There are 2 protein chains.
Amino acid sequence: MSLMIQDSVRILQAQGYKVTRPRKQVLGVLDQAQKPLSPYDVQRLLGERGKYLNHVTIYRILDLFCRLNLAHRVLSSGGFVKCILGKKEGCHRFMVCRRCGTIQEFADGGLCREESRLAEDFGFHAEYHLSESYGLCASCYRLEES
Amino acid sequence: MSLMIQDSVRILQAQGYKVTRPRKQVLGVLDQAQKPLSPYDVQRLLGERGKYLNHVTIYRILDLFCRLNLAHRVLSSGGFVKCILGKKEGCHRFMVCRRCGTIQEFADGGLCREESRLAEDFGFHAEYHLSESYGLCASCYRLEES
DNA sequence: TGCTAAATGCAACAACGTTGCAATGGAGTC
DNA sequence: GACTCCATTGCAACGTTGTTGCATTTAGCA
Ligand SMILES: [Mn+2]
Ligand SMILES: [Mn+2]
Ligand SMILES: [Zn+2]
Ligand SMILES: [Zn+2]
């Protein structure tokens, strides 16, 4: 993980947002999970640790994190994951394992340019790309060879 | 549009599915819309034409169409669009205009191969890609130059 | 024209998401 | 540390979206 919780806290402060207990709790849950979490997933996981947050609060916190690019919404599942790339060039993409559900974030400037160039052929001016590769992660691929 | 309603009807028959009045009605609505439609959008549009379908029926019909690749779910909005590419090589991608909401479907085998190759660098075996470019369509781009 | 499996409608429910407003608490100031 | 202020949170109520089981209808075929 290149982007730590402490980095996220600093970004919140820098933008004038308060670093509250609920926000730190949600950051912690997102940081531990390797899979996308729905707002209600976050609530359940916190509940198991004896922490309670109202679901409205969780929605608002996740919205904020997405606006600040501290987290992303994974489209295929609707869940949220912590961003680990920071300001790396190119749109942030995901590889989603269909077997274990784990998520890997990556980015590639060249791929983005190629994608935008293709759209240009249709007269379309792309501003960003949403992209998820669906398949098998390395370890699940080995298991599937049985 | 390269794929017509009649083609969809033939695919339904060929796979042993009945060509019912509700299915033809949903096909008709999807065919006319240039934007992704939610199941309830479909219900509203049919309602305006004096046709009634239960929402459960619409959900089931859209699920079927997606399984047969007669339609796709557009992830960013959650709506459904009719597929116009048929069996064209490469995963079917979308360009979504942020101003007018229109959808353009396209595919490119080379882009898919490049995307899979990049995933392979992480040990990930991609089986298909979900991809949406977000920006301005040709006509909205001209208007935005004001 | 009837038969039958597939498809639809209905009712009830479950999950997900939103809004307005009152209560709380982070962070700066004294 | 205590005080203050406004962002943030909790609560309650509601609206939308999606699901399940079962009775009824109908497309496709003999
Ligand atoms: Mn990211
Ligand atoms: Mn298609
Ligand atoms: Zn896996
Ligand atoms: Zn447009």
Side-chain angles (χ1 to χ4, degrees), chain A residues 5-6 8-30 35-47 49-68 70-81, chain B residues 5-6 8-30 35-47 49-68 70-81:
Chain A
I5 290 189
Q6 212 175 336
S8 303
V9 166
R10 235 173 278 124
I11 291 172
L12 280 176
Q13 288 173 330
Q15 310 270 354
Y17 294 100
K18 293 184 178 175
V19 179
T20 64
R21 202 183 42 151
R23 285 176 181 167
K24 282 185 285 190
Q25 287 172 342
V26 173
L27 272 180
V29 170
L30 285 183
K35 315 180 180 187
L37 301 178
S38 76
Y40 287 98
D41 288 336
V42 172
Q43 193 178 46
R44 264 168 239 130
L45 287 170
L46 284 172
R49 301 184 191 176
K51 321 279 187 183
Y52 169 79
L53 287 186
N54 187 278
H55 71 277
V56 181
T57 299
I58 297 172
Y59 275 95
R60 298 197 267 227
I61 288 175
L62 290 172
D63 283 353
L64 175 65
F65 288 178
C66 285
R67 286 201 302 277
L68 299 179
L70 302 179
H72 303 295
R73 179 190 275 276
V74 177
L75 295 172
S76 53
S77 63
F80 295 83
V81 290
Chain B
I5 291 190
Q6 211 173 338
S8 302
V9 167
R10 236 173 278 123
I11 290 171
L12 279 176
Q13 288 174 328
Q15 310 270 355
Y17 294 99
K18 293 183 177 176
V19 179
T20 64
R21 201 184 41 155
R23 283 175 182 168
K24 282 185 287 191
Q25 288 173 339
V26 173
L27 272 179
V29 171
L30 286 183
K35 313 180 181 189
L37 301 178
S38 75
Y40 286 97
D41 288 336
V42 172
Q43 192 178 46
R44 263 168 241 130
L45 288 170
L46 284 171
R49 301 183 192 176
K51 320 280 187 184
Y52 170 79
L53 288 186
N54 187 278
H55 72 278
V56 181
T57 299
I58 298 173
Y59 275 94
R60 297 196 268 229
I61 288 175
L62 290 172
D63 283 352
L64 175 65
F65 287 178
C66 284
R67 285 200 303 277
L68 298 179
L70 302 179
H72 304 293
R73 177 190 277 275
V74 178
L75 295 172
S76 54
S77 64
F80 294 85
V81 290

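In this text the structure is predicted, and so the values were computed from the model without any measurement. Letters go in sequence order (proteins before strands), and every chain restarts at 1.
- Atom CG of A/Leu12 is separated from atom P of D/dA7 by 16 Å (rounded to the nearest Å).
- A close approach under 4.0 Å does occur between a side-chain nitrogen or oxygen of A/Thr20 and OP1 or OP2 of D/dT9.
- Looking at B/His55, its side chain has no donor and acceptor atom pair within 3.5 Å of the base of C/dT8.
- For the pair B/Gln13 and B/Tyr59, nearest-nucleotide mapping onto DNA chain D gives the more 5' position to B/Tyr59.
- Checked against D/dT9, C/dG17, C/dA5, the side chain of A/Pro39 finds its nearest nucleotide in C/dG17.
- Using a 4.0 Å heavy-atom cutoff across all strands shown, A/Val19 reaches sugar-phosphate atoms only and no base atom.
- Looking at heavy atoms from C-beta onward, A/Leu62 lies in side-chain contact with A/Leu30 at the 4.5 angstrom threshold.
- As judged by a 4.0 angstrom heavy-atom cut-off over every strand, A/Arg21 is placed among residues making no nucleic acid contact.
- In this structure, of D/dG18, C/dT8, C/dA5, it is D/dG18 that holds the atom nearest to the side chain of B/Arg73.
- In this model, the phosphate group of C/dA7 is not approached by any side-chain N or O of B/Thr57 to a distance below 4.0 Å at OP1 or OP2.
- Within a 6.0 Å radius of CD in B/Gln6, other residues, nucleotides and ligands contribute 12 heavy atoms or fewer.
- Nearest to the side-chain atoms of B/Pro22 among the listed nucleotides C/dG26, D/dT19, C/dT8 stands C/dT8.
- For the pair A/Tyr52 and D/dC11, the criterion of a side-chain N or O lying under 4.0 Å from OP1 or OP2 is met.
- Two residues are said to be in side-chain contact when any heavy atoms from C-beta on lie closer than 4.5 Å; A/Tyr52 and A/Gln43 meet this criterion.
- For A/Tyr17, the side-chain atoms get nearest to D/dT8 when compared with the rest of C/dA11, D/dA12, D/dT8.
- Between A/Tyr59 and A/Tyr40, the angle of the ring planes goes over 60°, which puts this pair in the perpendicular group of the 30/60° scheme.
- If you find the closest nucleotide of DNA chain C to A/Arg44 and to A/Arg60, the one lying nearer the 5' end belongs to A/Arg44.
- The side chain of A/Tyr40 contributes no N or O atom lying less than 4.0 Å from OP1 or OP2 of C/dC16.
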